[in-house]
Amino acid sequence: MPGLEHYLILSGLLFCIGLAGAVIKRSAIVILMCIEIMLTGVNIAMVAFSRFITPVELTGQIFTVFIIVVAAAEIAIGLAIILALYRNRNTIDTQKIDLLKW
Amino acid sequence: MNWMYILPEIIIAASALAIIIADLISRKPVIITTIAIVGIAASLIAACTSTVTFEPVFDGMLFIDGWSRLLKVLLLVVAGSVVIASTDYHARLKHSWAEFHALVLFSLLGMMLMPSAGNLISAFIAIEITSISFFVMVGMLKTPLSSEASLKMMLTGGIAAAVMLYGMAFIFGSTGSTSLAEIALSSQPDFSSGLLLGALLLLAGLLFEAGAVPFHMWLPDAYEGAPTPVTMYLSAGSKLAGIAVIARVFSMGLNNPGGLGADWGMAVAVISALTMTLGNVLALQQSNIKRLLAYSGIVHTGYMLIAVATIGLGGQVSGDEKLFFYMASFALAEIAVFTAVIVITRQIGSDRIEDLAGLARRSPLLFAIMSIGIFSLMGLPLTAGFMAKLFIFTSAVDNGLLWLMIIAVLNTVISAYYYLRIIRVMWLGKPSDGSALSLPKAPGLISIFSALGILLLGIAPYLLLKLAENIIFIP
């Protein structure tokens with residue numbers, strides 16, 4: 001029977017993998033996917049805390065539903081922005097998107 | 001449930017939807033602008049006359065108290081100025097005029113909810129409404145610069161939101177609740193390390209909207225690439241809402257003098273010192289006026305965080321009238337400067353500082369408005385900026401932050417270099433083309449009123465300070 005700490009280790013791993021990917025990766029779409037991995041880590045932590053700390057209330061689960069909805073909205077906007085950028089520049093490589101610096 | 005508490009927000013949401021529907025029926029820009037202005041004016045009346053209570057409403061989701069009411073009025077004034085000033089930007093935004101106005105109102109809705117948040121869930125929703133609307137508005141021109149600015153803001157914002165949520169998860173895990181009032185009850189002096197970790201992660205995420213150091217990189221790019229009315233809105237609106245939500249969440253939920261309050265107060269003080277120093281150093285060699293104002297905005301975020309730090313160290317439970325005074329004077333200065341920048345850049349077709357040369361001869365009125373705004377940002381006496389800095393610096397000393405006050409004063413001196421450089425170029429520079437610049441009526445009215453407001457608050461600051469004090473501390 002896995003306990004709270006097992007879920008928290010999993011969520012911490014997912015969050016760190018997502019954060020590392022978001023910092024290292026060059027493709028804007030992969031960075032968006034990495035942000036989703038970070039949010040998955042958050043959701044697992046949220047649901048695990050809800051299950052183990054407040055078993056009778058559903059606060060954590062409700063919060064998770066809100067996070068999923070907002071993340072979907074953010075991805076929709078994000079893909080639209082990437083598309084607009086691709087039409088302008090013909091690339092989504094964040095290293096080559098450097099008109100604005102310092 | 002008493003819906004009258006959120007009447008201002010309901011009016012704003014309704015007028016945003018009305019704009020989208022009106023765009024389907026008629027594409028006349030004047031109709032769209034009128035709906036937006038009427039909606040904001042009605043909401044302003046509702047916000048000024050609404051009932052306030054110190055008890056949380058809607059099951060603890062929102063606080064409708066004096067602090068949130070003051071911020072609502074300030075943000076409504078800023079949004080109204082943005083709508084009026086953007087009439088001068090119609091030529092470049094005419095293909096998405098209705099979308100622009102609808103998004104201005106939707107982000108206003110989020111910003112009005114931010115200082116009222118009484119629960120981590122409502123704080124998160126309010127922040128996301130604001131930032132997702134801003135991602136779209138920044139990319140609205142669809143030019144390479146604008147799309148790039150929007151992408152950078154969106155990716156940084158996504159990472160910041162994830163960090164903030166991870167912090168909220170830890171706060172929830174350590175206290176068993178997401179309501180600020182209940183979190184405050186459970187944060188005893190011997191708080192758990194999970195709560196401290198959560199508070200620091202939450203702070204890092206919230207600093208994105210305010211534009212402070214760990215998440216400041218998007219700010220100059222977004223300011224330069226965005227349409228200028230959006231830049232104005234970002235600096236005079238979302239920055240203030242970001243500071244206000246930090247003050248709300250941390251002073252209501254995580255304030256326990258001697259315990260957590262001192263910890264995050266000190267963390268905010270260190271971030272504030274880093275923010276103003278880094279912003280100043282990078283501002284020194286900017287050649288683009290919008291980019292320079294972005295770095296100057298980062299420096300001002302640093303000054304406002306001093307006031308947030310004193311809330312933590314001093315153990316106050318609600319907002320702070322000195323912080324509000326600073327916000328109001330900063331918003332007035334940004335409205336004056338950015339309205340002038342919108343008018344000038346449209347006519348000279350460039351936003352480089354050297355192209356402002358000879359503005360004093362080409363339009364004395366625009367030069368006067370720009371100068372008053374810049375002097376207030378710099379903090380010269382007789383302007384609101386001076387009194388605002390004075391109040392914040394003295395309250396820092398009162399709360400044992402003498403070192404931070406010294407850093408802030410040194411930074412004010414450094415910042416005079418780049419502010420005075422703009423004035424020098426405008427006053428002494430030789431224009432390449434000496435034709436006179438005109439100031440259209442609507443933006444002219446806004447900028448003249450805000451310039452007069454700056455002078456009035458500089459001469460009689462207690463008018464606003466006493467009013468704010470009365471509204472915040474007396475129900």
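Order of the sequence lines sets the chain letters (A, B, ...), proteins ahead of strands, with each chain counted from 1.
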* Does any non-hydrogen side-chain atom of B:Leu165 lie less than 4.5 Å from one of A:Phe63? -> yes
* To do: Select, from A:Ala22, A:Ala80, A:Ser50, A:Ala73, the one with the greatest count of heavy-atom pairs under 4.5 Å involving chain B.
  => A:Ser50
* Do you know which of B:Leu120, B:Val136, B:Ile159, B:Val138 has the most heavy-atom pairs with chain A at a distance under 4.5 angstrom? -> B:Ile159
* Asked: Of all heavy-atom pairs between A:Arg89 and B:Pro144, which one has the smallest distance, and what is that distance?
  -> CD-CB, 3.9 Å
* Structure fact -> So, the part of B:Tyr166 with a heavy atom under 4.5 Å from chain A: the answer is both
* **Under 4.5 Å from a heavy atom of chain B, the part of A:Ile67 involved** => both
* List for me each residue that meets side-chain hydrogen bond (donor to acceptor under 3.5 Å, both in side chains) alongside A:Tyr7, sequence neighbours excluded, and say none if there are none. => none
* I would like to know whether B:Ser147 and A:Tyr86 meet side-chain contact (heavy atoms from CB on, under 4.5 Å); could you show each step before the answer? => CA-CA 9 Å; B:Ser147 306; A:Tyr86 183 76; over 6 Å; no
* To do: Give a yes or no on this: more than 12 heavy atoms of other residues, nucleotides or ligands lie within 6.0 Å of atom CZ of A:Phe66.
  => no
* Asked: Shortest non-hydrogen contact from A:Ile81 to B:Ser150?
  -> CD1-OG, 3.1 Å
* Which portion of A:Thr94 sits near chain B, non-hydrogen atoms under 4.5 angstrom -> side chain
* To do: Let me know if A:Leu19 has heavy atoms under 4.5 Å from chain B in its side chain, its backbone, both or neither.
  => side chain
* More than 12 foreign heavy atoms under 6.0 Å from CZ of B:Arg421: is that the case here? -> yes
* Considering only heavy atoms, which portion of A:Ile77 lies under 4.5 Å from any heavy atom of chain B: side chain, backbone, both, or neither? -> side chain
* Structure fact -> Taken to the nearest 0.5 Å, the spacing of A:Ile31 CD1 from B:Thr156 OG1 works out to 9.5 Å
* Could you give the distance from CD1 (A:Ile53) to OG1 (B:Thr175), rounded to the nearest 0.5 Å? -> 9.0 Å
* **Winner by heavy-atom pair count (cut-off under 4.5 Å) against chain A, out of B:Leu151, B:Asn288, B:Thr178** => B:Leu151
* Heavy-atom pair count under 4.5 Å with chain A, highest-scoring of B:Ala162, B:Ser177, B:Ser174 -> B:Ala162
* **Selection from A:Ile62, A:Thr59, A:Val70 maximising heavy-atom pairs under 4.5 Å formed with chain B** => A:Val70
* **Selection from A:Met38, A:Arg87, A:Glu74 maximising heavy-atom pairs under 4.5 Å formed with chain B** => A:Glu74
* So which heavy atom on B:Gly176 is nearest to which on A:Thr54, and how close? -> O-CG2, 3.4 Å
* **Heavy-atom side-chain proximity of B:Glu148 to A:Asn88 below 4.5 angstrom** => no
* Structure fact -> Shortest non-hydrogen pair, A:Met46 vs B:Phe172, comes out as O-CE2, 3.8 Å
